[in-house]
Structures are given as structure tokens and as C-alpha cells.
Amino acid sequence: MSKTEHVPTLIKVLRGERMEKPPIWLMRQAGRYLPEYRALRAKAESFLDLCYRPEWAAEITLQPIHRFGFDAAILFADILIVPDALGQKVDFEEGHGPRLEAFEPRELLRRLEPTKTNTKFAVICETVERVQAGLPRETALIGFCGAPWTVATYMIAGHGTPDQKPARLAAFRDPDHFSRLIDLLADVSVEYLSRQINAGAEAVQIFDSWAGVLPDDQFERWCVQPVARMTNALRARHPDVPVIGFPRGANGESARHFVETTGVNAIGCDTAMPLKEMRALGETATVQGNLDPFLLVAGGPLLESKTRDILRAIDGVPHVFNLGHGIVPETPIENVERLIQLVRS
Ligand code: CP3
């Protein structure tokens, strides 16, 4: 049977079917905790060099599939591909994370070149095509991008920040230009995701890793509305492709409002979301999450009991098993193997 006739379990669950055993994949599942990733990484000049070599990026995307047999592969790339493709200088310094040439929104709008993203997006899409060609038919391929707010925090600060102060100040000081920057990022990101879908991505995830720091009205304006705009545009072009939102740190009323307003098919729930709340959200959308990545590092009996707690608590609604945030480099391989066993047994 070809992939077009076979719908992978992950896609069924994202469309609202519930399964006795949830499908499982892990955010950042391709990366430094894998020796085979570190080996390939050592050959590359830089992290971006890896992302822009479809042959390597495809191999890295498939590494966790070959080793663990996850239910989904996630494209190997980064949320900062979008600013890079827009012409902002992006670098990943060894041990320091991303470094960008930072500007205020007004200056960014003057400098960015949305018409020039084509070449770089095409390279990423070649990775998507290569992965899809090498993927078992029951394994889904997830494309992704960063949400406008989270990407803007890096573009304005020039690096990761604990409190996103530069972007939050810019949003207060110059809301007009900030708003235009967010809209530009939303539109370019829709184009980018749409191209990933045309190349073979079967679902997409929008990472809003820094959604949780914003007060209500700002969360509405810079996270909920832009993601709603993106989801609507994607729906119009690709009605059958599920969209996963990950507004990290938005719990309680904010998470419920996010799901209802954006119309995402699924919501990534972070580690802090109470299981009762996650179960309740599952009445409206598929819920994904939310094991603590540090518990996957620690392992042992607590990993087993907490995994069982999640499985028990989220029973009865469509659930994708995942972490509440990305896997960390020091995670022992055996703990990942044990987790998959537990979820599938
Ligand atoms: O999930 C996957 O396996 C797919 C690939 C992927 C990467 N980054 C690879 C990566 C995905 C989906 C991302 C998303 C991403 N990137 C986010 C959103 C998710 C989250 O974690 O909150 C963010 C905020 C970024 C930006 C980014 N990229 C940072 C802050 C860093 C440095 C910190 C770190 O973890 O190293 C990166 C680098 C990065 N992105 C690496 C990988 C494998 C490590 C780079 C290396 O090997 O040198």
C-alpha cells in the first residue's frame, strides 16, 4: 500500500480519533543525545550548514526513527531558518545558542527581504522530500516553524533571553511596527509551511516557546491572533493537514482560549499543565504531551509511575504522547527506549 492510501496513526489521532495506545514522538528527538547525530554534527562546519544540506538533514531526521521507531519524524531544521531566509544574519555559536544581528522592528522591516526566501526554503523542502521517500508508511512526517512571537523575540534580542525583555519592550514602545513584523512573519511562515506540506509534510507544528511570558492582552495580540491567522490560511490551502499549536507556558484559561480561537487540531501541553486540565482540553482538541524532559534524564521508578499517570489521566480523549518541552542532550538512550516500551505496552 502506498502512503497516499495509508493514514499513519499520528494523523488519525490529530484528526480526533482516540487510540488505546497513543502514538509517540518527542520534541527535539533528532539531536545531541544521539551519538549518530554528534558524529554527523562533527563533520559539518556549523549547525546551519547541517540544516542546509538535505542529504545530512534527511539522515538526521531519520536517525531517531531507525533507532526507536517513533510514530512520527520531525523535519530536522530550526525555527531560525525563517529570519535567516529573510536575510537577517543568523549564527549558532558552539555552546552559546543562536546569535542574530539584532534590530528594532522598524529597522527589521526596512531590511528584511520576503521575496528572497525562495532559495533557502527550497533547500529545506528538498530535505522533506528525501525524508518522505525513506520513511516507513506508518510513520508520519511533521513539518514545523516557529510562531511569529517566538521568532520575533530572537530577531529583536539577537539571542535567547530569560524574559524576552527586548521584544516585550519593543511591542510596548512601537506597537505599529511590531505588529507589521508579526504579520510579515505569519505570512512568510504560512508560505514556508505550505511548501513543506507540498513537499511531503503530513502535519505541521507551530512552536510558540515563549508564549507564556505575556500578559493576557499581549498574549491575545501577539500569540493567539497571529496563530489563528496562520491556521486559517493553512486550512484554506490544505484542509486535511492537521496543525499542532505549542503555546508553551499558556495554561488554564489561556490554553482553552488558544484552542478555541486558533482552531488548531492539537495543542502541545507543557510540563506545568495539570493532567486534569489537559484531559479537559482533550474534549475540544487533540492533546500532546506532557512528560517532564528532566524526568526522562533521571529515569528510574519515577519515570515509570509518571508515564503511567499521564496515560491513565489522558485516557478517553485523543492523545499524542510527547514531552512537555524538548529532549535535553544529557538524556540516556535507555530511558527513551524504556519510555517507548511503557507507552506501547
Ligand atoms: O525536534 C527536532 O528534532 C527537529 C529539529 C528542531 C531543532 N530546533 C534542532 C536544533 C526543532 C523543532 C527546533 C525548534 C526550536 N529551535 C525552538 C522551539 C522549540 C523549543 O525548544 O522551545 C527554538 C526556541 C529554537 C531555537 C534554538 N535552536 C535554540 C535556542 C538553540 C540553542 C539551544 C540548544 O538547544 O542547543 C538551537 C539549536 C538547535 N536546534 C540544535 C538542534 C539539534 C542544537 C545545535 C547543535 O547541534 O549544535
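Atoms within a ligand are numbered from 1 in the order they appear, just like the ligands themselves.
Side-chain contact check for D84 and Y52: at least one donor-acceptor pair (N or O, by modelled atom type) lies under 3.5 Å. Side chains of Q63 and Q29: a donor-acceptor N/O pair is absent below 3.5 angstrom, by distance only.
The backbone N or O of L342 lies less than 3.5 Å from no partner atom in the side chain of R308, so there is not a single donor-acceptor pair.
Shown in contact with F76 at under 4.0 Å from a heavy atom are these atoms of ligand 1, numbered in order with element: 43 (C). The ligand atoms of ligand 1 that sit less than 4.0 angstrom from a heavy atom of I74 are 1 (O), 2 (C), 3 (O), 4 (C). Shown in contact with H325 at under 4.0 Å from a heavy atom are these atoms of ligand 1, numbered in order with element: 20 (C), 21 (O), 22 (O). Of all atoms in ligand 1, numbered sequentially from 1 with element shown, those under 4.0 Å from a heavy atom of F207 are 12 (C), 18 (C), 19 (C).
Considering only non-hydrogen protein atoms, atom 38 (C) of ligand 1 sits nearest to F92 CE2, 3.6 Å. The protein atom (non-hydrogen) at minimum distance from atom 23 (C) of ligand 1 is I79 CD1, 3.5 Å. Counting protein heavy atoms only, atom 41 (C) of ligand 1 is closest to F47 CE1, 3.7 Å. Of the protein's non-hydrogen atoms, the one nearest atom 40 (N) of ligand 1 is D78 OD1, 2.8 Å. For atom 24 (C) of ligand 1, the nearest protein heavy atom (residue, atom name, distance) is Y154 OH, 3.3 Å. Of all protein heavy atoms, the one lying nearest to atom 29 (C) of ligand 1 is P98 CD, 3.7 Å. For atom 22 (O) of ligand 1, the nearest non-hydrogen atom of the protein is S209 OG, 2.5 Å. Annotation: atom 1 (O) of ligand 1 to nearest protein heavy atom, R28 N, 2.7 Å.
The only member of D208, I81, L185 that meets side-chain contact (heavy atoms from CB on, under 4.5 Å) when paired with V151 is L185. Each of R41, R67, H66 was evaluated against E36; a single residue qualifies, R67, per the side-chain hydrogen bond (donor to acceptor under 3.5 Å, both in side chains) test.
Using 4.0 Å as the threshold, T61 has no heavy atom nearer than that to any atom of ligand 1. Residue-ligand proximity: W210 is placed with every non-hydrogen atom at 4.0 Å or more from ligand 1. Judged by the shortest distance from any of its heavy atoms, F246 lies outside the 4.0 Å radius around the atoms of ligand 1.
Counting heavy atoms only, G97 comes closest to atom 32 (C) of ligand 1 of the residues A73, G97, A57. Relative to atom 7 (C) of ligand 1, the option among A77, P329, G326 with the closest non-hydrogen atom is A77.
Side-chain contact between S179 and R221: present, with at least one pair of heavy atoms (C-beta onward) separated by less than 4.5 Å.
No salt bridge links R279 with D315; every basic N to acidic carboxylate O contact stays at or beyond 4.0 Å. Taking 4.0 Å as the cut-off between side-chain N and carboxylate O, D183 and R229 count as a salt-bridged pair.
Of all the heavy atoms in L323 and G326, the pair that sits closest is CD1-C, 4.1 Å.
Both F68 and I65 are part of a single hydrophobic cluster, where members link through side-chain heavy atoms under 4.5 Å apart.
At least one N or O atom of Q29, backbone or side chain, sits closer than 3.5 Å to an N or O atom of ligand 1. Between L75 and ligand 1, a contact under 3.5 Å exists for no N or O pair. Of the N or O atoms in R41, one or more lie within a sub-3.5 Å distance of an N or O in ligand 1.
For CG of D49, the number of neighbouring non-hydrogen atoms (other residues, nucleotides, ligands) closer than 6.0 Å is greater than 12.
Here R32 has side-chain heavy atoms under 4.0 Å from ligand 1, and that is the only part of it that gets that close.
The aromatic rings of Y154 and W210 lie tilted to each other, with the angle between the two planes from 30° to 60°.
Taking the ring centroids of F172 and F178, they lie at or beyond the 6.0 Å cut-off.
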